[in-house]
Amino acid sequence: MPPKKSIGAEYLKGLWNENPVFRQLLGMCPTLAVTNAVINGIAMGLATAFVLILSSLVVSSIKKLIPSQVRIATYIVIIASFVTIADRFLAAFFPPISKALGPYVPLIVVNCIILGRQEAFSSRNSIGRSLIDALGMSTGFILALLLLSSIRELLGSGSFLGHQLLGSWFKPWTIMILPAGAFITLGVLLGIALLIESKTKARSV
Amino acid sequence: MNLSARMIVVLTAVGLISGSFLSVVGLLTKERIAMNQQLEIQNAISEVLPSTKTSHKVFEDESLTIYESRDENDNPVGFAVYASGTGFQDIITLMYGIDPSFSKIKALTILEQKETPGLGAKITDKTSFLRYWEGRNCEQPLSLRKPAVESPGNLAPSEVNAITGATISSEKVLDIVNLSLERLKEIKQKGQLSSEEKNAT
């Protein structure tokens, strides 16, 4: 077994070294689909964080009880329950956001980041470590969605969080808020992430 | 306990606990979600018929609900029509206000849609779409103007602007309105509008 990381490193790995979007390429569906406006990106990030953190807590606390043959089914039931709670909560208290995200809130169930963390981490680590891991991954996911949605909203609508930033001289690049724009932005960001990674590796050798 | 018994017990237990937890959450949020919908309808009525003081349902079936609206002096303001139909991707639900003689659309608002974000979803946008519906003559079916013109004054009396890049979504909204207008006139001719039981909303 690899040596245990410090608590800080356990949290920080989600932000860069094992960032769910830029390094693990997990959860691409919501990443590409809802990042056309910053508010949607933030709401999706927070909803996913809620589900990830609570699922990690539950899975890590009952991990010894679950027979490994039915572990995936059990994780899915747990995850789906928290997703439904998040969905109902948004519909009851934040109807506009619930409307904007539409089917993508229920689709958090199939977000690979969440199932992936249960399988790779919470099912074999303590409750405390799983919580830190889930917090780190959630922060990494929220930051990635924030970055993507900021670029796309700024270029695609000339605004940030709905406030018009760029003047009338700016002709919005409509493609940026379409699916194609999501792929372009993600591709460019992945390229930059790999470039930074290879530069830092070259330096450390 | 052997393995298969353990698998059954664990999955059943997890399912039961999750299920009971969810039914509690469902019960707790049900009223609020219903209230939000009710509030949304009332807000939509006052949006499409701004001088509304009271409104009540005068007709309802699967695809169409009609509310009659009256101002503070109990004079009829018009009817608010709640209609839905297929859009480009999913159901579009909308509401529009119409004067008592069914000759002019006062305003239109979109309540539910899942059109393409940034394109078809602009049907909810006041400045690029909805404002061109205000005061349209609806004695004959409305038609779509493409390419869109900047000033509402350049449109024919029963024309509305299409959204650039989202012709289908614009057409679908138009279809829903035209179809409901047709049905509205039919319902009125049959005298079903006033015979309905008046439920205060």
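So you know, we letter chains A, B, ... as the sequences are listed, proteins then strands, and number each from 1.
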So which atom in [X] and which in [Y] form the shortest heavy-atom distance, rounded to 0.1 Å?
X	Y	answer
A:Val77	B:Gly15	CG1-CA, 4.2 Å
A:Pro67	B:Val10	CD-CG2, 3.7 Å
A:Ser81	B:Leu22	O-CD2, 3.4 Å
A:Ala92	B:Arg32	O-NE, 3.1 Å
B:Thr29	A:Arg88	OG1-CB, 3.8 Å
A:Leu65	B:Arg6	O-NH2, 3.4 Å

Would you compute the distance between atom [atom1] of [X] and atom [atom2] of [Y] and round it to the nearest 0.5 angstrom?
X	Y	atom1	atom2	value
A:Phe89	B:Leu28	CZ	CG	12.0 Å
B:Leu119	A:Ile175	CG	CD1	10.5 Å
A:Ile76	B:Ser18	CD1	OG	12.0 Å
B:Gln113	A:Lys99	CD	NZ	9.5 Å

In terms of heavy-atom contacts, does [atom1] of [X] have more than 12 from other residues, nucleotides or ligands at under 6.0 Å?
X	atom1	answer
B:Phe102	CZ	yes
B:Lys30	NZ	no
B:Lys126	NZ	yes
A:Phe94	CZ	no
B:Phe21	CZ	no
B:Gln189	CD	no
A:Trp16	CH2	yes

Practice prompt. With a 4.5 angstrom heavy-atom cut-off, could you sort out which part of A:Thr74 is near chain B: side chain, backbone, both or neither?
Written response: both

Worksheet item: Would you say the side chain of B:Val25 lies within less than 4.5 Å of the side chain of A:Thr84, judging by non-hydrogen atoms?
Response: no

Worksheet item: So what's closer than 4.5 Å to chain A heavy atoms on B:Leu3: side chain, backbone, both or neither?
Response: side chain

Response to the item:
Turns out that what part of B:Glu40 lies under 4.5 Å from chain A's heavy atoms comes down to side chain

Worksheet item: Distance-only, no hydrogens or angles: does the B:Asn36 side chain make a donor-acceptor pair with backbone N or O of A:Ala91 under 3.5 Å?
Response: yes

